[in-house]
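Data first, discussion second: the structure below is written as structure tokens.
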2 protein chains.
Amino acid sequence: MRNPKPRYQQLKDSIIARISSGELLPTDRVPSENELVEEMQVSRMTANRALRELNDEGYVERVAGRGTFVSDYRSRSHLLEVHNIADEIERRGNTHSSLVLRQSKQKARGEVAKALHVEQGTAVFHLLLVHYENESPIQLEDRHVVASFAPGCIDQDFTAVTPSAYLTGVAPLQEAEQAVRASIANKGIRARLEMNDDEAALVVIRRTWSRGRPVTFARLHHPGSRYELTGHYAPPGTLKSTSADVVQLENIGQ
Amino acid sequence: MRNPKPRYQQLKDSIIARISSGELLPTDRVPSENELVEEMQVSRMTANRALRELNDEGYVERVAGRGTFVSDYRSRSHLLEVHNIADEIERRGNTHSSLVLRQSKQKARGEVAKALHVEQGTAVFHLLLVHYENESPIQLEDRHVVASFAPGCIDQDFTAVTPSAYLTGVAPLQEAEQAVRASIANKGIRARLEMNDDEAALVVIRRTWSRGRPVTFARLHHPGSRYELTGHYAPPGTLKSTSADVVQLENIGQ
DNA sequence: TGGTCTAGCCTGTATATACAACTTGACTGG
DNA sequence: CCAGTCAAGTTGTATATACAGGCTAGACCA
């Protein structure tokens with residue numbers, strides 16, 4: 001990094017910084033190419049390249065004739081494929097419902113505090129709910145949320161809006177980390193998911209960040225006989241024949 | 001598609017076509033910007049945009065002063081994160097070894113023929129091997145390969161080069177599809193993987209394409225207590241603090 | 001009031017030009 | 001023969017300019 005970064009990259013960085021800091025919020029208007037030309041003393045082609053690449057990378061969305069706008073993270077398909085169990089179920093043409101088992105405020109302890117990078121005793125919300133696909137339990141969601149990110153979490157009706165969708169609204173998703181495991185779930189979980197004793201569980205453990213800090217930590221149990229994660233990976237530009245035997249689904253989200 | 005595609009996109013398409021058809025092979029030189037200017041009657045900036053985007057998308061690699069070259073798929077990190085159990089194990093600092101249980105030529109039947117989109121009776125290779133991480137079995141690989149894609153498959157020493165790595169060499173990976181499931185493996189698989197009777201298996205079922213046709217179909221069983229899939233998703237440009245509790249691994253490959 | 005039209009802004013693309021930095025191979029002088 | 005130099009080709013960036021096409025608010029007219 002001895003040489004200074006190219007001009008267009010500096011432009012991109014400065015706009016990304018404004019978005020990350022919260023100065024520019026989703027759906028906010030980003031300075032137009034001509035405004036950047038004046039403000040930043042660059043040619044329009046340079047401003048165009050910066051904004052075009054930010055568009056390609058999913059940070060902003062551009063509309064000819066209207067302008068450039070900070071992406072609403074709900075639809076940032078390039079950056080992070082947003083995943084929501086309710087959307088996924090509806091995409092399959094089935095109906096989603098959920099049952100809230102717990103929705104409480106707690107102090108972070110042990111594993112949870114460590115995962116969320118907060119001090120022991122910090123306020124977190126604990127959510128426990130079962131998601132159903134056509135009356136059949138498909139996911140047990142055990143989630144902790146840093147309270148300061150989602151003050152209204154305790155009053156939210158999570159049968160109407162899933163925690164994932166709610167969180168996406170209050171805390172722009174920037175980064176996600178997940179692990180997928182197979183295990184034998186304990187008796188309580190098996191009962192909630194109506195699993196046989198000899199049925200394995202597919203467990204997704206997911207942590208997401210917003211503004212550089214962990215926001216939520218979730219353990220998602222699924223019945224192994226009724227749930228699978230599927231992904232389809234194709235080079236950009238390759239238009240897929242949407243064949244019936246391909247389910248496109250990126251299991252990423254909060 | 002009423003309006004003609006923009007010129008730079010036509011350029012990209014024509015180069016992608018040359019790559020997909022095999023006219024241009026990995027490491028081959030792609031016409032330089034100035035050559036494209038003459039051949040295609042465009043300005044250099046247009047040729048530059050086409051090649052630059054192909055570079056961003058992972059189709060080609062550009063080296064200032066040397067030229068533009070078709071990507072070696074082994075390192076196409078943008079397009080498809082190439083995954084190889086041996087590399088993964090070595091990245092963890094452990095040693096990989098494998099045991100070949102079967103390496104035979106067969107006629108495709110039933111599920112296999114269907115998955116590989118070939119007629120019943122078409123020649124396929126069947127591979128069955130166990131991968132070890134430090135003497136501990138970590139993956140049972142049960143794979144079928146369309147014979148016409150990999151004629152030398154039967155003579156290959158798969159303890160030296162994993163099937164995944166070998167296939168990546170002979171059939172440029174273009175597209176991948178995978179499903180992840182949790183299940184209780186049968187007794188034979190449990191024995192090979194030294195799993196307890198009450199241990200779940202993480203099963204990855206993967207199909208990959210080259211030149212528009214399915215090449216290989218694999219079922220990969222892993223012991224649930226010793227293996228997990230982990231992924232980390234961050235917006236491009238966000239430089240990660242490589243913290244110890246984050247394992248970066250995209251489980252994609254052939 | 002209500003519909004239409006247009007001016008002005010925006011993005012999208014294309015071109016010509018310029019200079020910098022890197023790589024390679026050939027040439028040249030010792 | 002070797003080492004240094006240089007020229008040619010390549011990518012990378014930056015600018016000025018031009019035109020096409022989408023969108024919108026406000027002017028204008030019926």
Side-chain angles (χ1 to χ4, degrees), chain A residues 1-16 18-19 24 27-72 75-76 78 236-237, chain B residues 1-16 18-19 24 27-72 75-76 78 236-237:
Chain A
M1 267 328 153
R2 186 162 18 261
N3 286 351
K5 286 187 181 177
R7 212 75 183 80
Y8 77 91
Q9 186 63 51
Q10 293 177 30
L11 256 182
K12 287 175 64 178
D13 289 346
S14 88
I15 293 168
I16 289 174
R18 284 195 234 176
I19 293 174
L24 288 174
T27 76
D28 276 2
R29 186 172 170 283
V30 174
S32 74
E33 295 181 0
N34 282 319
E35 286 167 348
L36 289 175
V37 166
E38 292 191 357
E39 292 172 20
M40 311 300 247
Q41 303 288 303
V42 296
S43 74
R44 186 166 91 88
M45 284 306 293
T46 300
N48 174 272
R49 176 166 178 182
L51 290 178
R52 179 157 43 81
E53 292 193 0
L54 288 176
N55 178 67
D56 293 342
E57 292 164 10
Y59 287 99
V60 302
E61 285 167 17
R62 316 195 73 197
V63 184
R66 294 203 335 116
T68 302
F69 305 89
V70 178
S71 283
D72 185 343
S75 58
R76 279 170 61 163
H78 289 288
Chain B
M1 246 8 126
R2 187 162 14 262
N3 286 352
K5 286 187 183 178
R7 209 78 183 79
Y8 77 92
Q9 186 62 52
Q10 293 176 31
L11 256 181
K12 286 175 64 178
D13 289 345
S14 89
I15 293 168
I16 289 174
R18 285 195 234 176
I19 295 174
L24 288 175
T27 77
D28 276 1
R29 187 173 170 283
V30 174
S32 73
E33 296 181 1
N34 283 319
E35 286 166 348
L36 288 175
V37 166
E38 292 191 358
E39 291 173 21
M40 310 300 245
Q41 303 289 302
V42 296
S43 73
R44 185 168 89 89
M45 284 306 292
T46 300
N48 175 271
R49 177 166 177 182
L51 291 177
R52 179 157 42 82
E53 291 192 1
L54 288 176
N55 178 69
D56 293 342
E57 292 164 10
Y59 286 99
V60 302
E61 285 167 18
R62 316 195 73 197
V63 184
R66 296 204 336 118
T68 302
F69 305 88
V70 178
S71 284
D72 187 343
S75 57
R76 278 169 61 163
H78 290 288

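In what follows, chains carry the letters A, B, and so on, assigned in the order in which the sequence lines appear, proteins first and then strands, with residues in each chain numbered from 1. Keep in mind it's a predicted model, so treat the numbers as computed, not measured.
Residues that satisfy the side chain to side chain donor-acceptor pair (under 3.5 Å) test with A/Arg44, not counting sequence neighbours, are A/Glu33. For B/Gln9, the side chain to side chain donor-acceptor pair (under 3.5 Å) partners two or more places apart in sequence, or in a different chain, are B/Asp13. The side-chain contact (heavy atoms from CB on, under 4.5 Å) check on A/Met40 picks up A/Leu11, A/Ser14, A/Arg18, A/Leu36, A/Val42, with sequence neighbours excluded. With sequence neighbours left out, A/Arg7 forms a salt bridge (Lys or Arg N to Asp or Glu O under 4.0 Å) with no residue at all. Under the salt bridge (Lys or Arg N to Asp or Glu O under 4.0 Å) criterion, B/Arg52 pairs with A/Glu53, sequence neighbours left out. In this view, B/Asp28 satisfies the salt bridge (Lys or Arg N to Asp or Glu O under 4.0 Å) rule with no residue, not counting sequence neighbours. Scanning for salt bridge (Lys or Arg N to Asp or Glu O under 4.0 Å) contacts around A/Glu35 gives A/Arg29, with sequence neighbours left out. Remark: B/Ser32 pairs with no residue by the side chain to side chain donor-acceptor pair (under 3.5 Å) rule, at least two apart or across chains.
Checked against C/dT15, D/dT13, D/dC23, the side chain of B/Thr46 finds its nearest nucleotide in C/dT15. Checking C/dT13, D/dT11, C/dT15 against every side-chain atom of B/Pro6, the shortest atom distance belongs to C/dT13.
Each of A/Arg66 and A/Ser43 was matched to the nucleotide of DNA chain D holding its nearest heavy atom; the match closer to the 5' end belongs to A/Ser43.
In this structure, A/Glu53 places its CD atom 13 Å from P of C/dG12, rounding to the nearest Å. Regarding B/Arg49, its CZ atom lies at a distance of 14 Å from the C1' atom of C/dT15, rounded to whole Å. In this structure, the CD atom of A/Glu61 is 14 Å from the C1' atom of C/dT11, given to the nearest Å. Atom NZ in B/Lys5 sits roughly 20 Å away from atom C1' in D/dA20 (whole-Å rounding). As a whole-Å value, the separation of B/Arg62 CZ from C/dT23 C1' is 15 Å. A straight line from CE of A/Met40 to P of D/dT15 spans 12 Å, rounded to a whole angstrom. One interatomic measurement links the two molecules: CE of B/Met45 to C1' of C/dA18, which rounds to 12 Å at whole-angstrom precision. Atom CG in A/Asn55 sits roughly 10 Å away from atom P in C/dT13 (whole-Å rounding).
Between the side chain of B/Ser71 and the backbone N or O of B/Tyr59 there is at least one donor-acceptor pair closer than 3.5 Å. Not one N or O on the side chain of B/Glu61 forms a donor-acceptor pair closer than 3.5 Å with the backbone of B/Gly58. Side chain of B/Gln10 to backbone of B/Lys5: a donor-acceptor contact under 3.5 angstrom is found.
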A/Ile19 vs A/Leu54, side-chain contact (heavy atoms from CB on, under 4.5 Å): CA-CA, chis, key distance, verdict: CA-CA 11 Å; A/Ile19 293 174; A/Leu54 288 176; 6.0 Å; no
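Defining each end axis of the helix from C/dT1-D/dA30 to C/dG30-D/dC1 as the rotation carrying four pairs' C1' atoms onto the next four, with five pairs an end, the two axes are found to diverge by 20° to 10 degrees.
Residue A/Arg44 is in base contact, counting any heavy-atom pair closer than 4.0 Å across all strands shown.
Near DNA chain C, meaning a heavy atom under 4.0 Å from it, residues 28-37 of chain B has no residue at all. Remark: A/Arg7, A/Tyr8 in residues 7-14 of chain A come within less than 4.0 Å of DNA chain D through at least one heavy atom.
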